[in-house]
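Notes to accompany the following structure.
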Amino acid sequence: MTYTATKAPFTPARVVGAGVANAVRLKLLNNSSKGITLPNVEFLAHAFAGIGADEVPWLAGFPGDVAKAPHSVWFGSPAIPLPRFIRADSNHYVCVSTFKRAEDGRYRRRKDRWAGLWLVLLDDIGTKIPFEALRLEPSCLVETSPGNFQAWLFLAQPERDPLKAEALINGLIKAGASDPGAGNLTRYGRLPTGINGKAKYQGKDGQPFAQRTHIWEPSRRHTPERIAQAYGFDLEAASRPRAQRKGTKPFSANRHVEVLDAAGLYIRPISGMHGAHQIICPWWEQHTDKDQTGTIYFEPHEQNGGRGGFKCQHGHCADRSIADLDYFILTLQRKAARAAA
């Protein structure tokens, strides 16, 4: 079956990126527009066009408030056939990569079953990341919460080299083009059609925020090399494996461990807890008696939705989450980039 997107009446509310060197000029829909009608199945068909018979895209979806969702919903399932949980009134997520079948015959969204990178996600555009950070026109631009956007760059061909794929994602984060939480090959992004069930985005009528697609150009595709060049780094050089020094901390998929260590905030891995690290809280000076104990960073995993986790036992940080740590990491990376310039 062939699906064709229908474009809604277009009246631009504002132009973003205009007048800034190297930034693309984008027209956004006005607030009264419902956006471009884009079925999720059409997005998937274009995003993974030419997919091999031995790999699958990966989806997750569930209704209600994201903050109250059980960990199990993030396990998701293969996108072929389209899962029943993909419904108009749910939160919907797609992984940037595809995955191969395991020895037991089942598919799993795990790094050891990774098959290829098909999509590049630039997350939190308009809030944490300014529109001026966009250096290439996106294949799809989705407003996932009021004033907050996800920009999708479709790849001309899937990247099958994991070192190059990771280098591309990490290079974009270092360049300030994406949220640090988007730094791994098993990362989810939101599909274009669906809701954002977070309670803070509910309207006055109590209804969840309905996502809006502002741009849909599926024929607009980029090579990893072109993306890297647009953001000022050499992908070949960035993807060369580096020898790990003896006694150094383990490698983290999204480089949070490396950044924290460079800032003097890393302590040690926690034995018996996979992907858990004892760190010094970035906000320790605001703790009672400036205590530097009691803080853990968790690497991205299925059980935390691929976002990672942050837990500080001090009352001052009771409301802080991985989003706060992500933003702190991004700030450190930007300062380092400016110092090196």
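Not measured: the values here are computed from a predicted model.
The two residues P78 and V56 make their nearest non-hydrogen contact at CB-CG2, 3.9 Å. Scanning all heavy atoms of the two residues, the minimum distance from L185 to A165 falls at CD2-CB, 3.8 Å. Scanning all heavy atoms of the two residues, the minimum distance from V66 to F62 falls at CA-CE1, 3.9 Å. The minimum heavy-atom distance linking H92 with T193 is given by the pair ND1-O, 2.7 Å. Among all heavy-atom pairs drawn from P138 and A151, the shortest one is CB-CB, 4.1 Å. A156 and T223 make their closest contact through CB-CG2, 4.2 Å (heavy atoms, listed as atom of the first residue, atom of the second, distance).
For the side-chain hydrogen bond (donor to acceptor under 3.5 Å, both in side chains) test with S97, the passing option among W114, W118, W58 is W114; the others fail. Each of H222, R220, R25 was compared with E137 under the side-chain hydrogen bond (donor to acceptor under 3.5 Å, both in side chains) criterion, and only R220 meets it.
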* To do: Starting from the C-alpha separation in whole Å, work towards a yes-or-no answer on side chain to side chain donor-acceptor pair (under 3.5 Å) for H277 and E299.
  => CA-CA 8 Å; H277 305 269; E299 294 184 29; 2.8 Å; yes

* Given the rule in the side-chain contact (heavy atoms from CB on, under 4.5 Å) test, do S178 and K128 qualify, once you have shown the distances and angles that lead to the verdict? -> CA-CA 8 Å; S178 188; K128 295 180 182 179; over 6 Å; no

* **Verdict with reasoning, T213 to T37, per side-chain contact (heavy atoms from CB on, under 4.5 Å)** => CA-CA 7 Å; T213 300; T37 301; over 6 Å; no

* Worked verdict on D112 versus R110 for salt bridge (Lys or Arg N to Asp or Glu O under 4.0 Å) -> CA-CA 5 Å; D112 62 348; R110 290 194 331 207; 2.9 Å; yes

* side-chain contact (heavy atoms from CB on, under 4.5 Å) between V96 and W152: does it pass, once the steps are laid out? -> CA-CA 10 Å; V96 296; W152 291 102; 4.0 Å; yes

* Applying salt bridge (Lys or Arg N to Asp or Glu O under 4.0 Å), run through R160 and E55 and close with a yes or a no. => CA-CA 12 Å; R160 303 293 188 181; E55 60 185 321; 2.9 Å; yes

* Worked check of side-chain contact (heavy atoms from CB on, under 4.5 Å) between V120 and I169 -> CA-CA 7 Å; V120 170; I169 293 173; 5.8 Å; no

* Take H314 and W283, measure what ring-ring contact (aromatic ring centres under 6.0 Å, His included) needs, and give me the verdict at the end. => CA-CA 10 Å; H314 294 272; W283 302 278; over 10 Å; no

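Cluster annotation: F209 is not connected to I125 through the hydrophobic network of ILVMFWY side chains, with a link wherever side-chain heavy atoms come within less than 4.5 Å. L332 and Y297 fall within the same hydrophobic cluster, where Ile, Leu, Val, Met, Phe, Trp and Tyr residues are linked whenever their side-chain heavy atoms come under 4.5 Å apart, directly or through other members. Linking Ile, Leu, Val, Met, Phe, Trp and Tyr residues whenever their side-chain heavy atoms come within less than 4.5 Å places V73 and F99 in a single cluster. Cluster annotation: V24 and F131 are assigned to the same hydrophobic cluster (Ile/Leu/Val/Met/Phe/Trp/Tyr, side-chain heavy-atom contacts under 4.5 Å, transitive). Put simply, I195 and W74 are part of two different groups of oily side chains (I, L, V, M, F, W, Y) that touch within less than 4.5 Å, one to the next.
Between E236 and K164 there is a salt bridge, with a side-chain nitrogen of the basic residue lying less than 4.0 Å from a carboxylate oxygen of the acidic one. Look at R113 and E103 and you find no salt bridge, because none of the NZ, NE, NH1 or NH2 atoms lies under 4.0 Å from a carboxylate O.
A side-chain N or O of R268 and one of Q278 form a donor-acceptor pair less than 3.5 Å apart. Side chains of R135 and Y231: no donor on one and acceptor on the other come within 3.5 Å.
F310 is listed as a side-chain neighbour of C281, based on a closest heavy-atom distance under 4.5 Å. In this structure, D123 and I129 have side chains that are not in contact, with every pair of non-hydrogen atoms separated by 4.5 Å or more. No side-chain heavy atom of F48 sits less than 4.5 Å from a side-chain heavy atom of I80. Residues P224 and I227 form no side-chain contact, since every pair of their non-hydrogen atoms from C-beta on lies 4.5 Å or further apart. Here the side chains of R212 and L29 are in contact, with some heavy-atom distance below 4.5 Å. V142 has its side chain out of reach of I215: every pair of non-hydrogen atoms, C-beta onward, lies at least 4.5 Å apart. Between I280 and T295, the closest side-chain pair of non-hydrogen atoms is not below 4.5 Å. Inter-residue side-chain proximity for N91 and K198 is flagged as unmet; no heavy-atom pair is nearer than 4.5 Å.
The distance from atom CD of E159 to atom CG of L119, rounded to the nearest 0.5 Å, is 13.5 Å. Going from atom CG of L59 over to atom CG of L82 covers 6.5 Å, rounded to the nearest 0.5 Å. Taken to the nearest 0.5 Å, the CG atom of L168 stands 10.0 Å off from the OG atom of S239. Here NZ of K174 is found 9.5 Å from CZ of F233. Values are rounded to the nearest 0.5 Å. Here SG of C140 is found 10.5 Å from NE2 of H46. Values are rounded to the nearest 0.5 Å. Of the inter-residue distances, the one linking L141 atom CG with L28 atom CG reads 6.5 Å to the nearest 0.5 angstrom.
S321 places a side-chain N or O within donor-acceptor distance of the main-chain N or O of A323, the cut-off being under 3.5 Å. With E225 contributing its side chain and Q229 its backbone, the two residues share no donor-acceptor pair below 3.5 Å. Of the possible polar contacts, none joining the R190 side chain to the Y93 backbone as a donor-acceptor pair under 3.5 Å is found. Side-chain atoms of R320 do not come within 3.5 Å of backbone N or O of D324 as any donor-acceptor pair. Not a single donor-acceptor pair under 3.5 Å links the side chain of S90 to the backbone N or O of I86. A donor-acceptor contact shorter than 3.5 Å is absent between the side chain of R240 and the backbone of L163. Using modelled atom types, no side-chain atom of Q333 and backbone atom of F328 make a donor-acceptor pair closer than 3.5 Å. Within the 3.5 Å criterion, the main-chain N or O of T127 finds no donor-acceptor partner in the side chain of D124. Side-chain atoms of N148 never come within 3.5 Å of backbone atoms of T144 as a donor-acceptor pair (strictly under, hydrogens ignored).
Other residues, nucleotides and ligands contribute over 12 non-hydrogen atoms within 6.0 Å of the CD atom of Q286. Summarising the local packing, CZ of R87 is surrounded by 12 or fewer heavy atoms from other residues, nucleotides or ligands at distances under 6.0 Å. Enclosure of atom CG in D319 is not indicated, since only 12 or fewer non-hydrogen atoms of other residues, nucleotides or ligands lie within 6.0 angstrom.
Figure legend: R109 and Y188 shown as a cation-pi pair, the cationic atom lying under 6.0 angstrom from the six-membered ring centre and within 45 degrees of its axis.
Ring geometry for F154 versus F43: interplanar angle over 60°, hence perpendicular rather than tilted (30 to 60°).
Remark: D65 engages no residue in a salt bridge (Lys or Arg N to Asp or Glu O under 4.0 Å) (not counting sequence neighbours).
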